[in-house]
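Right, one structure below, let's go through it.
Numbers restart at 1 for each chain; the letters A, B, ... are given by sequence-line order, proteins then strands.
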Number of protein chains: 2
Amino acid sequence: MKPSVVTIEPNGHFCSDCAIRGAAVCSSLDAAELREFEHLGRRVHFDSGETVFSEEDMTTSFYNVLEGVMRLYKLLPDGRRQIVGFALPGDFLGMNISGRHNFSADAIGAVTVCQFAKAPFGRFIEDRPQLLRRINELAIRELSQARDHMVLLGRRSADEKVATFLLGWRERQVALKGLSDTVPLPMSRQDIADYLGLTIETVSRTFTKLERHGVIEIIHGGISLLDPARAEALAAA
Amino acid sequence: MKPSVVTIEPNGHFCSDCAIRGAAVCSSLDAAELREFEHLGRRVHFDSGETVFSEEDMTTSFYNVLEGVMRLYKLLPDGRRQIVGFALPGDFLGMNISGRHNFSADAIGAVTVCQFAKAPFGRFIEDRPQLLRRINELAIRELSQARDHMVLLGRRSADEKVATFLLGWRERQVALKGLSDTVPLPMSRQDIADYLGLTIETVSRTFTKLERHGVIEIIHGGISLLDPARAEALAAA
DNA sequence: AAAGCCAATTGACAGAGATCAAATCTGAGT
DNA sequence: ACTCAGATTTGATCTCTGTCAATTGGCTTT
């Protein structure tokens with residue numbers, strides 16, 4: 001999928017009524033700073049499947065996800081893909097040291113981001129250690145998640161991987177939209193497979209197995225978690 | 001392995017003649033700051049196999065590795081282990097947001113660290129955004145490495161894993177001690193297996209296979225890289 | 001030098017998950 | 001409603017890596 005039409009809205013938005021105002025990097029800014037901040041960012045929309053940035057690209061922007069889901073992934077020369085994470089509203093992307101993104105990102109369904117040009121954003125941070133501290137916090141949180149995922153990839157069985165993924169994904173949905181046992185899965189089976197280090201067939205078979213055992217019900221566009229306790233048991237093992 | 005005797009040297013050391021002065025977090029400090037900084041840290045030695053900190057411990061200190069090698073790992077309830085990285089001189093440990101370490105660390109061979117109590121270190125950072133920026137840089141670098149390792153764990157074959165590990169480890173030795181085709185491997189085969197998401201038997205067989213094919217020679221306490229080009233080819237694939 | 005211990009290697013076999021292939025389902029467009 | 005393309009599921013088989021077991025090797029202790 002290559003990027004097609006990208007709509008840049010002519011500054012018709014304000015941080016003060018931004019849905020993720022409290023969750024994102026912005027949470028470290030006071031009202032006055034926020035007003036200055038909102039001139040730096042632009043809302044940009046991406047359609048389903050569009051690439052927001054690629055691994056080899058020079059980093060020219062930072063991104064704050066406002067709406068939708070993105071897959072973050074790395075490719076091997078022969079085409080094998082590892083999804084290193086899914087980005088949801090509130091996630092901050094673009095941190096790096098090499099000057100290049102070290103993974104690619106594309107939209108799963110429609111996505112809105114708040115895009116910041118690198119240079120002015122860097123200048124804005126300069127004399128706001130609060131913001132820097134917030135960014136550091138996010139980086140460290142991601143690092144911790146990355147290590148958890150290494151354990152999953154290196155040491156867990158297919159059943160454990162799938163159960164852990166479903167619970168973890170549900171957890172993020174809960175944080176965003178409140179508690180529900182209906183878990184929407186906007187990403188494809190292939191995406192899930194590439195996230196868990198499995199093949200699409202194994203993911204599909206495992207879903208079916210979980211359904212046969214009454215742990216989940218496979219519904220349109222997601223799953224329904226029938227037996228959270230049993231799922232937890234599978235994931236913990 | 002549980003911690004045994006830990007020697008705390010009575011302040012007989014100075015940052016100015018520290019071997020890793022330029023590489024570590026300290027590189028962001030000027031001479032005056034460094035003089036203040038050296039009162040915060042203490043050199044602490046650990047013997048081979050001793051645990052420096054455990055996953056569930058509250059974080060009370062930050063650590064700067066001065067000498068030696070540490071394995072950083074997470075355990076599953078049933079004892080399966082995933083090594084999430086090896087720490088070498090210059091590496092900075094202890095960053096977290098939960099207030100707890102999110103992995104355990106123990107010494108592989110003798111280790112010396114520069115240990116900082118959390119509170120005074122935090123206060124020292126407070127009005128030194130330079131240092132914070134440096135720490136952020138280190139976190140982001142680690143994050144990038146973590147993502148690379150996810151690709152290895154999720155999508156590479158045993159041969160590729162081992163070849164990639166040997167080249168990566170050699171790279172770090174080169175950065176530390178200069179170029180050499182003799183690569184010391186202070187960690188056990190089990191450590192390598194737990195780092196690569198393999199079993200000890202598979203690691204051993206792969207080493208033997210690489211030796212049969214003339215890519216490496218297994219020597220005492222490490223390997224000799226006979227055919228770097230072939231190893232690169234295996235790792236890239 | 002012999003004994004003992006732990007790490008590493010090697011062998012035989014098994015199994016989880018991959019691969020190859022076909023069938024079924026779903027949704028968009030006509 | 002019908003067609004077509006892509007996604008998902010299911011089946012049959014294979015293979016890479018894990019498991020279990022035995023052997024070898026190196027180092028320390030006596």
Side-chain angles (χ1 to χ4, degrees), chain A residues 1 47-49 71 76 78-83 106 108-110 152-166 184-213 216-223 234 237, chain B residues 1 47-49 71 76 78-83 108-109 152-166 184-213 216-223 234 237:
Chain A
M1 308 272 162
D47 289 337
S48 187
R71 61 174 159 255
L76 290 175
D78 63 2
R80 281 173 289 178
R81 183 177 72 159
Q82 176 67 44
I83 290 184
D106 36 51
I108 296 177
L152 178 140
L153 290 171
R155 286 294 177 231
R156 310 202 81 138
S157 71
D159 288 0
E160 292 170 345
K161 284 177 174 180
V162 170
T164 304
F165 165 69
L166 290 176
L185 296 174
M187 71 291 286
S188 70
R189 294 288 190 268
Q190 186 63 62
D191 287 340
I192 297 174
D194 287 348
Y195 181 58
L196 299 177
L198 298 171
T199 59
I200 185 174
E201 292 94 335
T202 299
V203 170
S204 183
R205 277 187 251 271
T206 306
F207 269 61
T208 306
K209 186 160 85 177
L210 288 174
E211 188 171 46
R212 258 203 324 272
H213 293 17
I216 65 172
E217 187 188 0
I218 301 172
I219 59 177
H220 183 78
I223 60 116
L234 271 171
Chain B
M1 306 276 161
D47 288 337
S48 187
R71 60 176 160 254
L76 289 175
D78 64 2
R80 281 174 289 176
R81 184 178 69 159
Q82 176 67 45
I83 290 184
I108 296 177
L152 177 139
L153 290 171
R155 286 296 179 230
R156 312 202 80 140
S157 70
D159 288 1
E160 292 171 345
K161 284 177 174 180
V162 171
T164 304
F165 165 69
L166 291 176
L185 296 174
M187 72 290 287
S188 69
R189 294 288 189 269
Q190 186 63 62
D191 288 340
I192 297 174
D194 287 346
Y195 182 58
L196 299 178
L198 299 171
T199 59
I200 185 174
E201 293 93 334
T202 299
V203 171
S204 183
R205 277 188 251 270
T206 307
F207 269 63
T208 306
K209 186 160 84 175
L210 288 174
E211 187 171 46
R212 259 204 322 273
H213 292 18
I216 65 171
E217 188 189 0
I218 301 171
I219 59 177
H220 185 79
I223 60 116
L234 272 171

Side-chain N,O ([X]) to OP1/OP2 ([N]) below 4.0 Å:
X	N	result
A:R205	C:dG17	no
B:H220	D:dC27	yes
B:S157	D:dC16	no

Rounded distance (Å) that lies between atom [atom2] of [N] and atom [atom1] of [X]:
X	N	atom1	atom2	value
B:R212	C:dT9	CZ	C1'	12 Å
B:R155	D:dT17	CZ	P	13 Å
A:L152	C:dG17	CG	P	12 Å
B:I108	C:dA7	CD1	P	13 Å
B:F207	D:dT24	CZ	P	22 Å
B:D194	C:dA7	CG	P	13 Å
A:I200	D:dT10	CD1	P	13 Å
B:M187	C:dA8	CE	C1'	16 Å

(message) Any carboxylate oxygen within less than 4.0 angstrom of a Lys/Arg side-chain nitrogen, looking at A:D194 and A:R80?
(response)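 No, no charged N to carboxylate O under 4.0 Å.
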(request) In plain terms, say whether A:R155 and B:D78 are close enough for a salt bridge, that is, a side-chain N and a carboxylate O under 4.0 Å apart. (result)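 B:D78 and A:R155: not salt-bridged.
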(message) Regarding D:dC20, can its base be found pairing with the side chain of B:E201 as donor and acceptor, where the two atoms are less than 3.5 Å apart?
(response)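 Donor-acceptor pair under 3.5 Å: yes.
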(request) Please tell me which of A:S204 and B:T202 maps to the more 5' nucleotide of DNA chain D, matching each residue to the nucleotide holding its nearest heavy atom. (result)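 Nearer the 5' end of the strand: A:S204.
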(request) Using the ring of A:F207 (Phe, Tyr or Trp, six-membered ring only), decide whether A:R189 places NZ or CZ under 6.0 Å from its centre and within 45 degrees of its axis. (result)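 Pair A:R189/A:F207 counts as cation-pi.
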(message) How long is the straight-line distance from OG1 of B:T208 back to CD1 of B:I218, given to the nearest 0.5 Å?
(response)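 Answer for the CD1-OG1 pair, B:I218 versus B:T208, is 5.0 Å.
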(request) First locate atom CD of B:E211, then atom OG1 of B:T206, and finally report the distance between them rounded to the nearest 0.5 Å. (result)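 If we round to the nearest 0.5 Å, B:E211:CD and B:T206:OG1 are 12.5 Å apart.
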(request) Look at the side chain of B:I218 and decide which nucleotide, out of C:dT10, C:dT9, D:dA12, has an atom nearest to it. (result)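 Ranking C:dT10, C:dT9, D:dA12 by closest atom to the B:I218 side chain puts C:dT9 first.
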(request) For A:G197, report the nucleic acid contact type (base, sugar-phosphate, nothing); a contact means any heavy atom under 4.0 Å. (result)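 Sugar-phosphate: the residue A:G197, judged by heavy atoms under 4.0 Å, touches backbone atoms but no base.
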